[in-house]
Amino acid sequence: MDNQPLDPAIEEKARALCAQITVAHDLDPEIQEELYGHVEDKILGYLSGDVPVSGDDALILVREHFGDATTIKSLLQDVHATEVLMGQWRRYAVAAIVSLGCVLVGRAALNVVSFCFQYYHFKSVTASEALVSTFSSQEVPEMQPLSPLLSIPLFLLILGFVAFAPWGFFLRWRRRLQAGDRAWYYRWKSGKLGAVILGLVFLNMLIPFIPSGWLEVNSSTPFSLAVAMVCTLGLMIGQCISWIWWCDVPPRTQRNTLNTAFAWGLGFVLFSMLPNISADIAASPDSALRDPGVPVLLQGRFSDSSLHWSLWWSWPTNSLRQHAMVLLYPLVLGGIAFVIYGVAGRVRKIRRGGGIDGDAGTTPRVS
Amino acid sequence: MQPNKELIGASTRLLILAALAREASYGYAVIKSINDEADGLFVWQEGTVYPILHKLEKEKLVRAQWQQADTGRRRKYYYITAEGRDALADGAEQWNGFHEMITSMAGGPNG
């Protein structure tokens, strides 16, 4: 048999035939590779045969002998029923990880920015000094065990790491995916995926969410609504981009894109129902979100001012209407995911000069 | 004469096990060797052989390993296991039993 590689156009069509059988149904990528090996050998067999045929004719013959793709797909799904089911759940688990990870990174980044603002606002008296005083205060005894963790450099270092380390992580995985490695979520065991989800939920609950009480922004002002919308939109776009960089292996399918977008959104919705730590720092008791805050005695030239710090665990107290609004998140995220995937697909097609690339909504079809 | 589908379907597992008992091989080569041996007696829909190979692997009658083929390309090789050889022996015995019975009944004094 000829050891020469296949013509790229023929190879692409052969891969599309195999993808038609395996990709849309979460079958192991190795199965696709095995089927492609068969198709490749068969085409090369025809091309090096006694009767010369063109690549396209060889592909037609291969397809004829290979059998009906729908039947083979169905037979493979029967044999690998458990893996198909687990593959779908695995994809949802990954979506939850991306969703929770993005929320974690977003909140950590927001906190870093908040601390910087607070430092600027209160000059030499930093927010973390107030935080330390709160954690070591007798008035919040359940927070005291955490107080040693809260020194300014350590806290900022941890938040900075949480906020920015994932970029390197994403880039590393992107390179591995491009090099043909299997996606990380196929390599990880189910227990590890579950542990990461639990860990992220735990971390998300531990990182304080700092409402900007000291900026006199509260939930009734249009400004805070605008800030919330910008943050939410940023989070959605961040999730989509994280997914594309870190997890997604083309060719993509409409079904998987839609499932994943909903899983992202639902992860966020579930997270919004968990209790977490809220923190508020205010220049006066009147502007504090939670009354009474812990008064912090300022030193030096700020000794005539007061600072009120609150830190509390709470269950979300959203109204039914607010919960209903949160449920719109998966729908909006689904729309954004389609737009981003569509743009990413077009860019890739332009770079490759057109042809089948199997992006969202263009599941390869060989008719 | 083309045998009916049921007959081909019933014999596929044993044919694959028999081919692998001769020599460990990958999907395409297994199908090719059986087609060569059949010499036109039947033609398989080749893609349908892979679900059977995977089922045999799940039943631990064969084990699989990715390795380089003679062509230099990476292929998934299948090796028959001890359980596979036992299953092949049992299956062949049953086929022989049926074969003898049918031959005897069809070719008997009144056949």
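Order of the sequence lines fixes the chain letters, A, B, ..., with proteins taken first and strands second; residue numbering starts at 1 for each chain.
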Task: Nearest atoms (heavy-atom pairs only) where B:Pro51 meets A:Val79 - done: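 Here B:Pro51 and A:Val79 meet closest at O-CG2, 3.5 Å.
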
Side-chain contact test, heavy atoms from C-beta onward, threshold under 4.5 Å: evaluate it for [X] versus [Y] and give yes or no.
X       : Y       : result
A:Ile72 : B:Tyr50 : no
A:Asp41 : B:Arg75 : yes
B:His54 : A:Glu34 : yes
A:Asp68 : B:Gln45 : no

- [ ] With a 4.5 angstrom heavy-atom cut-off, could you sort out which part of B:Ile52 is near chain A: side chain, backbone, both or neither?
- [x]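 For B:Ile52, no heavy atom lies under 4.5 Å from chain A.
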
Any chance [atom1] of [X] has more than 12 other-residue heavy atoms, nucleotides or ligands included, within less than 6.0 Å?
X       : atom1 : answer
B:Lys60 : NZ    : no
B:Glu23 : CD    : no
B:Tyr79 : OH    : yes

Task: Carboxylate-amine/guanidinium proximity below 4.0 Å for B:Lys76 and A:Glu33 - done: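 Answer for the salt bridge query: no.
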
- [ ] Would you mind telling me which of B:Tyr26, B:Trp44, B:Tyr28 makes a ring pair (Phe, Tyr, Trp, His ring centres under 6.0 Å) with A:His38?
- [x]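 The option that passes is B:Tyr28.
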
Open item on the list: To the nearest 0.5 Å, what is the distance between CD1 on B:Ile31 and NZ on A:Lys42?
Closed with: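 Taking CD1 in B:Ile31 and NZ in A:Lys42, the distance rounds to 8.0 Å.
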
- [ ] Any chance you could lay out the side-chain contact (heavy atoms from CB on, under 4.5 Å) test for A:Val39 and B:Glu46, step after step, and finish with the verdict?
- [x] CA-CA 10 Å; A:Val39 171; B:Glu46 296 171 4; over 6 Å; no

